[in-house]
Protein chains: 2
Amino acid sequence: MPTTGRVLDHPARTDIRLESVLHALSDPARLHVVRCLAELPPGEEVACSAIDLAVTKSTTTHHFRVLREAGLISQVYRGTAKMTALRRADLNALFPGLLDAVLTADAAQRHRAAARQDG
Amino acid sequence: MPTTGRVLDHPARTDIRLESVLHALSDPARLHVVRCLAELPPGEEVACSAIDLAVTKSTTTHHFRVLREAGLISQVYRGTAKMTALRRADLNALFPGLLDAVLTADAAQRHRAAARQDG
DNA sequence: GCCGTAGTACGAGAAATGCCAAACTACGAA
DNA sequence: TTCGTAGTTTGGCATTTCTCGTACTACGGC
């Protein structure tokens, strides 16, 4: 499936700001998206619709845009779908270890929550 | 200098939320505070007034409260001063490597900005 | 050409955020 | 006790954020 004519703006690697990245990650819905993308094999893309966000489509669009404008994800149109991938390489080059630390922290927090749940 | 009677609420270690931590760090003024605290020897405290924030006192109070309520800093009154310290141990226990990754990322970003400045 | 699906744009409301000024409180020192 | 310093509180304002519903566009398939 080739890409279509529609193009989306992405910040260049050097324009990615730490503050924007942290802000983007500070929303539970967006952190969820990043976690889902991180679980895929590196470079793999998914459609927006493949990640279930428990909000309306327009809100989903909004969150994906925040992530894209912060430089966390890249998106291209393929057919009617909009495929999304984590910008791992850019993030690791700019902020080594940051993405992993956040994902590890998130996993640890979820693990503790699950442990409390089980009693 | 002993502490005074006034007491401030801090979240327990287990109540610290990753999302709140990331949100607290996503503001440039608050990131600056955390950076300054991190440059001190571990456990060292400073007064709020020792960190220059280029905003009014009431805004400074606001930012310190956000950091405290997110669990990033601890504060106690000593005399007229309110001493602040990074909650390194709690953060490292909950989210290993996260604080260091953010500080390293911030340093890298500042380094790149300085390099651009110098031309 | 027509329909269905995926996602966008726009407008709007509620809430949070960042900022300030002015009045205030708590403490130490003279 | 009086004063100065450090920080708080309150209230207000402008902006941003999160959310939604409705109407819309772009594409693939029939």
Side-chain angles (χ1 to χ4, degrees), chain A residues 1-10 17-34 36-37 45-85, chain B residues 1-10 17 19-34 36-37 45-70 72-85:
Chain A
M1 179 79 67
T3 62
T4 66
R6 287 183 285 173
V7 186
L8 292 157
D9 266 4
H10 294 75
R17 302 286 311 162
L18 175 60
E19 296 87 341
S20 303
V21 168
L22 295 175
H23 173 252
L25 291 171
S26 72
D27 182 278
R30 293 192 294 257
L31 187 53
H32 176 70
V33 170
V34 170
C36 291
L37 294 174
E45 298 171 334
V46 295
C48 291
S49 54
I51 299 177
D52 192 24
L53 278 197
V55 293
T56 64
K57 283 196 299 179
S58 40
T59 303
T60 301
T61 297
H62 162 69
H63 284 309
F64 274 87
R65 172 160 37 204
V66 171
L67 286 168
R68 176 167 44 82
E69 292 182 348
L72 276 156
I73 62 174
S74 61
Q75 300 187 288
V76 324
Y77 288 100
R78 295 192 198 282
T80 64
K82 187 187 199 174
M83 307 305 289
T84 300
Chain B
M1 178 79 66
T3 60
T4 67
R6 287 182 286 173
V7 186
L8 292 157
D9 267 4
H10 293 76
R17 304 283 314 161
E19 296 87 339
S20 304
V21 168
L22 294 175
H23 173 251
L25 290 171
S26 72
D27 181 279
R30 293 192 294 257
L31 187 54
H32 175 68
V33 170
V34 170
C36 291
L37 293 175
E45 299 171 332
V46 295
C48 292
S49 55
I51 299 177
D52 193 25
L53 279 196
V55 293
T56 64
K57 283 196 297 179
S58 42
T59 303
T60 301
T61 297
H62 161 69
H63 284 309
F64 274 87
R65 173 161 38 205
V66 171
L67 287 168
R68 176 166 44 82
E69 293 181 347
L72 276 156
I73 63 174
S74 61
Q75 300 188 286
V76 322
Y77 288 100
R78 295 191 199 280
T80 64
K82 186 186 200 174
M83 307 304 290
T84 300

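Lettering of chains follows the sequences in order, A, B, ..., and the numbering in each one begins at 1.
For A/Arg65 and C/dG7, the shortest distance from a side-chain N or O to OP1 or OP2 is not below 4.0 Å. When the side-chain nitrogen and oxygen atoms of B/Arg30 are compared with OP1 and OP2 of C/dG18, one or more of them lie within a distance under 4.0 Å. Proximity of A/Ser49 to the phosphate of C/dT5: no side-chain N or O atom is located under 4.0 Å from OP1 or OP2. OP1 or OP2 of D/dG7 has not a single side-chain nitrogen or oxygen of B/His62 nearer than 4.0 Å. Between A/Arg78 and D/dC27, a side-chain N or O to OP1/OP2 separation shorter than 4.0 Å is absent. Between A/Thr56 and D/dT19 there is no side-chain N or O to OP1 or OP2 distance below 4.0 Å. Of the side-chain N and O atoms in A/Thr80, none sit less than 4.0 angstrom from OP1 or OP2 of D/dA26.
Going from atom CZ of A/Phe64 over to atom C1' of C/dA9 covers 18 Å, rounded to whole Å. Going from atom CG of A/Leu53 over to atom C1' of C/dA6 covers 15 Å, rounded to whole Å. To the nearest angstrom, C1' of D/dC18 lies 14 Å from CG of A/Leu67. Rounding to whole angstrom units, OH of residue A/Tyr77 and P of D/dG28 are separated by 13 Å. When rounded to the nearest whole Å, the span between NZ of B/Lys57 and C1' of C/dC24 equals 10 Å. The interatomic distance linking B/Met83 (CE) with C/dA26 (C1') rounds to 16 Å, in whole Å. Between A/Asp27 atom CG and C/dA16 atom C1' there is a gap of 13 Å when expressed in whole angstrom units. Look at CG on B/Asp52: it is 16 Å from C1' on D/dG7, rounded to the nearest Å.
A/Ser58 comes within 4.0 angstrom of a nucleotide base, judged by non-hydrogen atoms across all strands. Nucleic acid contact for A/Ala47: sugar-phosphate only, since backbone atoms but no base atoms lie under 4.0 Å from a heavy atom of the residue. Contacts of B/Val66 with the nucleic acid, taken as non-hydrogen atoms under 4.0 Å apart, are absent. In this structure, B/His63 reaches the sugar-phosphate backbone alone: every heavy-atom distance under 4.0 Å involves primed, P, OP1 or OP2 atoms, never a base. Within the 4.0 angstrom heavy-atom criterion, base atoms lie near B/Thr61.
Rounding to the nearest 0.5 Å gives a distance of 5.0 Å between CD of B/Gln75 and SG of B/Cys48. Here A/His63 contributes atom NE2 and A/Ile51 contributes atom CD1; the two are 12.5 Å apart, rounded to the nearest 0.5 Å. Separation of atoms CZ (B/Arg68) and CG (B/Asp9) is listed at 7.5 Å; rounding is to 0.5 Å.
Listed candidates were C/dG7, D/dC18, D/dG7. Nearest to the side chain of B/Ala81 is D/dG7.
Scanning all heavy atoms of the two residues, the minimum distance from B/Leu25 to B/Leu31 falls at O-CB, 3.7 Å. Between A/Ile73 and A/His10, the shortest heavy-atom distance links the atoms O-CD2, 3.6 Å. In terms of heavy atoms, A/Leu53 sits closest to A/Phe64 at CD1-CE1, 4.5 Å.
Projected onto DNA chain D by closest heavy-atom contact, A/Ala54 and A/His23 fall at different nucleotides, the more 5' of which corresponds to A/His23.
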